[in-house]
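We name chains A, B, ... by the order of the sequence lines, and we start the count at 1 in each one.
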4 protein chains.
Amino acid sequence: MDTVAATPKGQRTEAAFLGAARQVFAEKGYFNAKISDIAEVAGRSPGSFYNYYENKEEILEALLDQFSTEVLEASLKSRTGDPLEGIRGAVRAYWLTYRKYLPEMIGVFQMSMTDPEFAARWQANRAAGIRGVLAGIRSAERTGHRVDLDHGTLASALVSMLESFCWTWMAMGGDPDVDVPDDETAIDTLSALWYRTVFHPVPGCACGCNRT
Amino acid sequence: MDTVAATPKGQRTEAAFLGAARQVFAEKGYFNAKISDIAEVAGRSPGSFYNYYENKEEILEALLDQFSTEVLEASLKSRTGDPLEGIRGAVRAYWLTYRKYLPEMIGVFQMSMTDPEFAARWQANRAAGIRGVLAGIRSAERTGHRVDLDHGTLASALVSMLESFCWTWMAMGGDPDVDVPDDETAIDTLSALWYRTVFHPVPGCACGCNRT
Amino acid sequence: MDTVAATPKGQRTEAAFLGAARQVFAEKGYFNAKISDIAEVAGRSPGSFYNYYENKEEILEALLDQFSTEVLEASLKSRTGDPLEGIRGAVRAYWLTYRKYLPEMIGVFQMSMTDPEFAARWQANRAAGIRGVLAGIRSAERTGHRVDLDHGTLASALVSMLESFCWTWMAMGGDPDVDVPDDETAIDTLSALWYRTVFHPVPGCACGCNRT
Amino acid sequence: MDTVAATPKGQRTEAAFLGAARQVFAEKGYFNAKISDIAEVAGRSPGSFYNYYENKEEILEALLDQFSTEVLEASLKSRTGDPLEGIRGAVRAYWLTYRKYLPEMIGVFQMSMTDPEFAARWQANRAAGIRGVLAGIRSAERTGHRVDLDHGTLASALVSMLESFCWTWMAMGGDPDVDVPDDETAIDTLSALWYRTVFHPVPGCACGCNRT
DNA sequence: CATGAATGAGGATTCATTCAT
DNA sequence: TATGAATGAATCCTCATTCAT
């Protein structure tokens, strides 16, 4: 976002560091990443790193600046009339966003365990997702569906599911006895969990709907 | 499980270390825990620690020995005739187990990001949960419900949800704009997500069921 | 003053570090002193240093704790009836105190150029000396001598003289074309400067006194 | 003194560095001054610095070339018949010279603590002052005053006083409980110390003089 | 067994100086 | 001559682990 480098050369180096940091974070995690690892991947000296960033946290913040929490919120906002399609779009967006920003996600998440400031950032990420889910729930209720669960808790659970499922399959190599889901299967399954819970028919209604 | 200490005094010390480690892991996380922190809480010297454990990993392993993956697997196996009640029982068991073993969960999870061996253990924990969920799905199908989603992916998503929801609320202080859910609300919500997804009526059936 | 070490062994080490720091500060100055230099003179590993002090500043502060600014103030307070003897006693005390605490003086003075907190400490040292001189001036006026110079400025100048003369001869090896003064010569000269200025006869008085 | 730069542009740059160095030395001291600070104030690049000077020491030496030790010596030589006026003139010259060359004084003095070569320069500065004082003492004796103190020690003490008083008030912000002296008060006080000590009446002489 | 001091490997960071453009 | 990015030597500091008592 804001660049320290004045010259093209410096900009190339800065970009090299950003790219290297993403690669190293994705490959060995944020915790394991040493400045010298990043510098090596960037093809520069460790000292050069400090011309651009004060420390490892700062380069993570620089990466995060390119990705606001808005992104996650937007990703979870349905934009279509059909509720299932809306949810599927939201899940797909979240899934793809997570993949695109995997190094950043790994970084914030790991730092959230150590540093209160990053814990707040991680919570902000979740909060953005939660706002998106809540918006969906409210719009469902506006069309007559009553959602008979605590909205906040439900949203928190859904965001937990999305977040952890992405983490498991993208950062941790997945679950051992489960076939790697392709994108569509993943999106189908997560969407179904969301949709079926929110748009759930009340027992008394013969048509299977949930209208009030 | 099995103790190294020969004398009663040694056994007391070992127990003190185990208890201290749990407390410190829960309070500041596994990463932030220094051997000297644990020793201090245990009221022993840092040097004494090494009479019982080679390093921090080993005391985590000792803690984990008291808690086999069976526990998680068992917790997620329904034991009752009524499916919803079965699921609620499973979720309650998971929720309470996670709380009971919070230090261990924090430890394995954080170590899973750094150490392949613990990554495997973490996966084993998840795998146990997944087996439990899959058992439930199979039993649902045995009673005539068709679950029209990829079973493995579904189980993985459900375990992700449970795991991350527990992590968020027990280890990370929860989501900022969501009221702290009491145990019943948490269990209700997680159970509903699970139940409604698995026992979902197919569109064509007026009775709202999903029988084949 | 307050010791970190619990055991005799630790106390010996702590003392070794304090002694080593004094030696190194005196020999190569505070700025040039590396932690590893101090550790080497103390016969310990550099890492051991940090069991006792956070950094170089802290060991300087530990040294300073044994020496309060009171010392300098006391040193400059005359305690005898005869004014010249009082001044000579004060100068002698300052001169000997400075020598005794040479490493500390070097440390505070050098640090005063870099760190505001130590600049304040250095000023406090001077202020203590100034209070002592001012007390002497007041007592001279009580016995009827009028001191027709700005008291504060005079005290500041006298303390400057004492401080810098000590610095020059004890820390910097003296002035090249001046014979090394023995203690008595130094004390005589500094005392004369002080005494003759304060107890200076006014021109009009034939007896050479300065009484009002 | 002699310039390295060949072109007018180069001469302007060199002047900019010299001016910037003076400013930075005066503001944050020589030790704290980084090459990059100087370059920034000069509005040039750090790399450019090395076209003119090998390192920080060298620019200090360049500054000192404009100011020979002669200056201090001259400043302390009385040029008038009246002894008190001579001394006042000398003190005033020293005081003003110190202010004028404050950055240089700070530089030499700080470097004198680290580098033997600059310690020698600092001593040379003092020696020049001492020669000036000694010349005054000799001329006093030529007019019949006996100075009954060790001349070298006395001169060393007077130069110490001048040096340290200037340092205290110009470089260190003064003494906390003393009112800032204006130039005349400072000069009066320092001169009085000098004059009263050198032209001190011997006890036995009723006229208050000190003639032999 | 317990103690707590001692060790040293590992990594972060600074900044004077060099160098390609 | 000017630029500013790149370098790497030097030092600080942490903390898991060892060891003498």
Within the distance-only criterion (no hydrogens, no angle test), does the side chain of [X] pair as donor or acceptor with the backbone N or O of [Y] below 3.5 angstrom?
| X | Y | answer |
| --- | --- | --- |
| B:Tyr101 | B:Leu63 | no |
| B:Gln110 | B:Phe31 | yes |
| C:Lys56 | C:Tyr30 | yes |
| B:Asn55 | B:Glu58 | yes |

For [X] and [N], is the shortest distance between a side-chain N/O and OP1 or OP2 below 4.0 Å?
| X | N | answer |
| --- | --- | --- |
| D:Ser45 | F:dG4 | no |
| D:Thr13 | F:dA2 | yes |
| A:Tyr52 | F:dA6 | yes |

Separation of atom [atom1] in [X] from atom [atom2] in [N], rounded to whole Å:
| X | N | atom1 | atom2 | result |
| --- | --- | --- | --- | --- |
| C:Ile59 | F:dC13 | CD1 | C1' | 15 Å |
| C:Glu57 | F:dC12 | CD | P | 12 Å |
| D:Tyr53 | F:dT1 | OH | P | 12 Å |
| C:Arg12 | E:dG4 | CZ | C1' | 13 Å |
| C:Glu40 | E:dA6 | CD | P | 17 Å |

More 5' along DNA chain F: D:Phe49 or A:Arg44, using each one's nearest nucleotide?
D:Phe49
Quick one: pull up CG in A:Leu102 and CD1 in A:Ile106 and give me the separation to the nearest 0.5 Å.
4.0 Å
For nucleotides 14-21 of chain E, just jot down a letter per nucleotide in 5' to 3' order: B, S or -, based on protein non-hydrogen atoms under 4.0 Å.
BSSBB---
Between C:Phe49 and C:Phe17, how do the two ring planes meet: parallel, tilted or perpendicular, split at 30° and 60°?
perpendicular
With a 3.5 angstrom cut-off on both distances, give the Watson-Crick or G-U wobble partner of E:dT21, or none if there isn't one.
F:dA2
